[in-house]
Amino acid sequence: MYQNNLVNVPKAYNEPVLEYRPGSPEREELKKMLKELKSKEVEIPMVIGGKEVKTDKKIAIHPPHDLNHTLGYYYRGGEEHVRQAIDAALSVYDKWSNMPWQHRASIFLKIADLISGPYRAKLNAATMLGQSKTVHQAEIDAAAELADFFRFNVEYMSQIYREQPNSAKGMWNLMEHRPLEGFVYALTPFNFTSIAGNLPTSPAMMGNVVVWKCSNTQVYSASVLMEIFREAGLPDGVINLVFVSGPVAGKVVMTHPDFAGFHFTGSTGVFQQIWRTIGANIEKYKTYPRIVGETGGKDFVMVHKSADIDEVVTALVRGAFEYQGQKCSAASRAYIPDNLWPELKEKLVAQTESIKMGDPEDFTNFMCAVIDEASFDKLSMYIDNAKKDDVTEIIAGGTYDKSKGYFIRPTIIVTKDPHYVTMEEELFGPVLTIYVYEADKFEETLELLDNTSPYGLTGAVFAHDRYAIRLATDKLRHAAGNFYINDKPTGAVVGQQPFGGSRASGTNDKAGSILNLLRWVTPRTIKETMVPPKDYRYPFMEAE
Ligand code: NAD
């Protein structure tokens, strides 16, 4: 079919985000799908070597916003299933890693079109119900961002294969971008269906075989992703999905000699623990495993005295509270100058208190529930502490209720202590902490901000004064891997703002860019000499 052609891949583009206005066809289709998914209880097996695997441990799945409803059950596995998944992956290694890249590209382009086409409603509905997202949050994640990952990654893949060294006269130098020798382990978080989909597939696209363990609270949409991968013709065994506890999977994976790569997104603590385990087992592996991890954030909004108040208020409300603040990029600390504070406070509190919260099936809601009881309990504890502490005042929200689902009102804490715990630690919920500073101390406050938290993921500066923008951009050079000027610190788009941060926020390999895909290949340089010399002696050795 393609053997003798140097083919070009289709130009990547960002999937348009649909609006779901009343009366629109996408809204009707989605509502029908939500009803359909709510009307049945599904059974979700693991998928190992293309086979559906069930166990005797059935775990019920409930929407975080409607705990009395059951969406279905998944089957929980153990160590033996992780071993089977590794064996299944390695058994197809030769076939998959030797598959011409154009065929791999074709599968992933098809996945993108299935996601943005016939499966759009199902994947969005599963994300809304299983992870408690509004339709807009589901659409920008599960439909748009995931399709973007596939289309852009295919383009980046072709750029990588095109990357070749020079050849001097008499030789031909080649670079073969081989997949890693072994299997890749993808460990994914609950909060983005797109990340869950991207982590196992970006190594697979480059010819790797993968064991994928998703979050227990994302199983519902993960099963739809697996259905799509198989529908698109991804061969059995290339990606194997297991539902096991993280430590159990880690024990088998991290001691296996063929463990060749780790693709992670999740919390900093888990990443650091796994990195330590990899280090402790380093002699067991045939190759040094590639470690890619995108982790937590304590993302800031830094406001200058010249900023526009309404712009800041919108950025704070959207940046801090969309998807209940459960984005690694969510604005969770803000520095506001005292000249703007009285008016800004009034508007921010009014808008925050106006937020409607509830079931994502009611499209008038802006927020839904947090993911699970552990998260709910942790967030309510921080809120209770802020009510008691001398240096803090809660100016909006501060209430919570788990009788129907895990609902936490969007909460704003104002603190007099710029090192208060909620200015430093990631809470991963709808809690924004504000420190009001003296308007003339902008530069000192930039330094304070830079030295407050161990993270370096996202951040924003709001100012009209260009000198202030320049100063903030310079001073905060290492404070964020994604830096925004007069915009909220969330909402990165694949192909436009490649995402990731450093410091405690991760290895900054920028998901949705060529940099990430480069981590999943290990190049081989090949030199071919056309007419090899037949005498070891050099001309300088000849007698005069
Ligand atoms: P998490 O760390 O709790 O879980 C991530 C994965 O690790 C899950 O599959 C989980 O089952 C597994 N896991 C949990 N504990 C484990 C352990 N002890 N050993 C092995 N595996 C374990 O994270 P989460 O709550 O699913 O996601 C939220 C976190 O992810 C936040 O910290 C957020 O900032 C981060 N995140 C970062 C990015 C980014 O790009 N930087 C994007 C999304 C989320």
Side-chain angles (χ1 to χ4, degrees), residues 59 64 74 76-77 79 82 130-132 137 141 145 149 185-200 202 211-219 221-222 241-254 262-278 292-299 323-332 370-376 378-379 406 425-429 453-459 480-482 489-492 494 497-513 515-516:
I59 315 276
Y74 73 88
R76 194 151 177 90
E79 277 184 36
V82 182
Q131 289 139 268
S132 206
Q137 291 302 313
D141 163 20
E145 182 166 279
F149 272 132
Y185 178 46
L187 185 60
T188 61
F190 79 83
N191 67 333
F192 275 89
T193 303
S194 59
I195 296 176
N198 182 46
L199 299 200
S202 56
V211 174
W212 172 25
K213 192 207 97 56
C214 67
S215 165
N216 298 337
T217 42
Q218 192 259 330
V219 167
S221 60
L241 176 59
V242 292
F243 306 139
V244 287
S245 97
V248 167
K251 207 170 127 196
V252 180
V253 167
M254 313 279 164
F262 180 47
H263 205 186
F264 176 76
T265 295
S267 56
T268 300
V270 171
F271 186 53
Q272 292 185 350
Q273 187 195 323
I274 288 178
W275 193 312
R276 269 195 295 275
T277 309
I278 294 172
V292 174
E294 301 305 332
T295 63
K298 190 71 208 172
D299 311 298
Y323 191 39
Q324 297 78 263
Q326 298 172 121
K327 298 188 184 188
C328 50
S329 56
S332 60
V370 299
I371 195 69
D372 59 15
E373 191 161 25
S375 171
F376 178 92
K378 177 178 150 186
L379 290 161
Y406 304 117
E425 281 180 22
E426 182 185 56
L427 307 193
F428 220 60
S453 159
Y455 296 107
L457 193 52
T458 79
N482 283 58
T490 58
V494 176
Q497 299 99 22
F499 192 79
S502 41
R503 293 187 178 167
S505 293
T507 53
N508 198 17
D509 288 293
K510 296 289 185 206
S513 83
L515 300 171
N516 179 280

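Indexing begins at 1, ligand by ligand and atom by atom, following the structure's order.
- For Glu426, every heavy-atom contact with ligand 1 shorter than 4.0 Å involves the side chain, none the backbone.
- No option in Asp141, Thr193, Asn191 other than Thr193 meets the side-chain hydrogen bond (donor to acceptor under 3.5 Å, both in side chains) test with Gln131.
- Shown here for Cys214 and Phe243, the closest heavy-atom pair between the two residues is SG-CE2, 3.8 Å.
- Checked by atom type, the side-chain pair Asn482/Thr458 shows no donor-acceptor distance below 3.5 Å.
- In this structure, Gly250 has no heavy atom closer than 4.0 Å to ligand 1.
- In summary, the atoms of ligand 1 found under 4.0 Å from a heavy atom of Leu457, numbered by their order in the structure, are 41 (N).
- The closest side-chain donor-acceptor pair between Ser329 and Thr490, if any, does not fall under 3.5 angstrom.
- Shown in contact with Asn191 at under 4.0 Å from a heavy atom are these atoms of ligand 1, numbered in order with element: 43 (C), 44 (C).
- Interface atoms of ligand 1 facing Phe499, defined by a heavy-atom separation under 4.0 Å, are 39 (C), 40 (O).
- Ion pairing between a basic and an acidic side chain is recognised when a charged N comes within 4.0 Å of a carboxylate O; Lys298 and Glu425 show no such pairing.
- For the side-chain hydrogen bond (donor to acceptor under 3.5 Å, both in side chains) test, no residue two or more places apart in sequence or in another chain qualifies with Thr265.
- Which parts of ligand 1 touch Leu187 is read off a 4.0 Å heavy-atom cut-off, strictly below it: atoms 6 (C), 7 (O), 9 (O), 12 (C), 21 (N).
- With respect to atom 41 (N) of ligand 1, the closest heavy atom belonging to the protein is Thr295 O, 2.8 Å.
- The residue Phe271 has no part lying near ligand 1, judged by heavy-atom distances below 4.0 Å.
- The Ile195 neighbourhood of ligand 1 comprises atoms 42 (C), 43 (C), with distances under 4.0 Å to a heavy atom of that residue.
- Checked against a 3.5 angstrom limit, the closest N/O atoms of Thr265 and ligand 1 fall outside it.
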Exercise. Can you list the steps and then say if Gln137 with Gln324 is a side chain to side chain contact (heavy atoms under 4.5 Å, CB included)?
Worked result: CA-CA 10 Å; Gln137 291 302 313; Gln324 297 78 263; over 6 Å; no

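- Using a non-hydrogen distance threshold of 4.0 Å, Phe190 registers as a contact of ligand 1.
- In this structure, atom 4 (O) of ligand 1 has no protein heavy-atom contact shorter than 4.0 Å.
- With sequence neighbours left out, the ring-ring contact (aromatic ring centres under 6.0 Å, His included) criterion links Phe264 to Phe262, Phe271.
- Side chains of Asn198 and His263: no donor on one and acceptor on the other come within 3.5 Å.
- There is no side-chain donor-acceptor pair under 3.5 Å between Gln497 and Lys510.
- Atom 30 (O) of ligand 1 has its nearest heavy-atom neighbour, among Gly266, Pro189, Cys328, Gly506, in Gly266.
- Close approach to Gly246 involves these atoms of ligand 1, each under 4.0 Å from a residue heavy atom: 19 (N), 20 (C), 21 (N), 22 (C).
- With a 4.0 Å heavy-atom cut-off, ligand 1 is reached by the side chain of Gln273 but not by its N, CA, C or O.
- The atoms of ligand 1 that sit less than 4.0 Å from any heavy atom of Cys214 are 9 (O).
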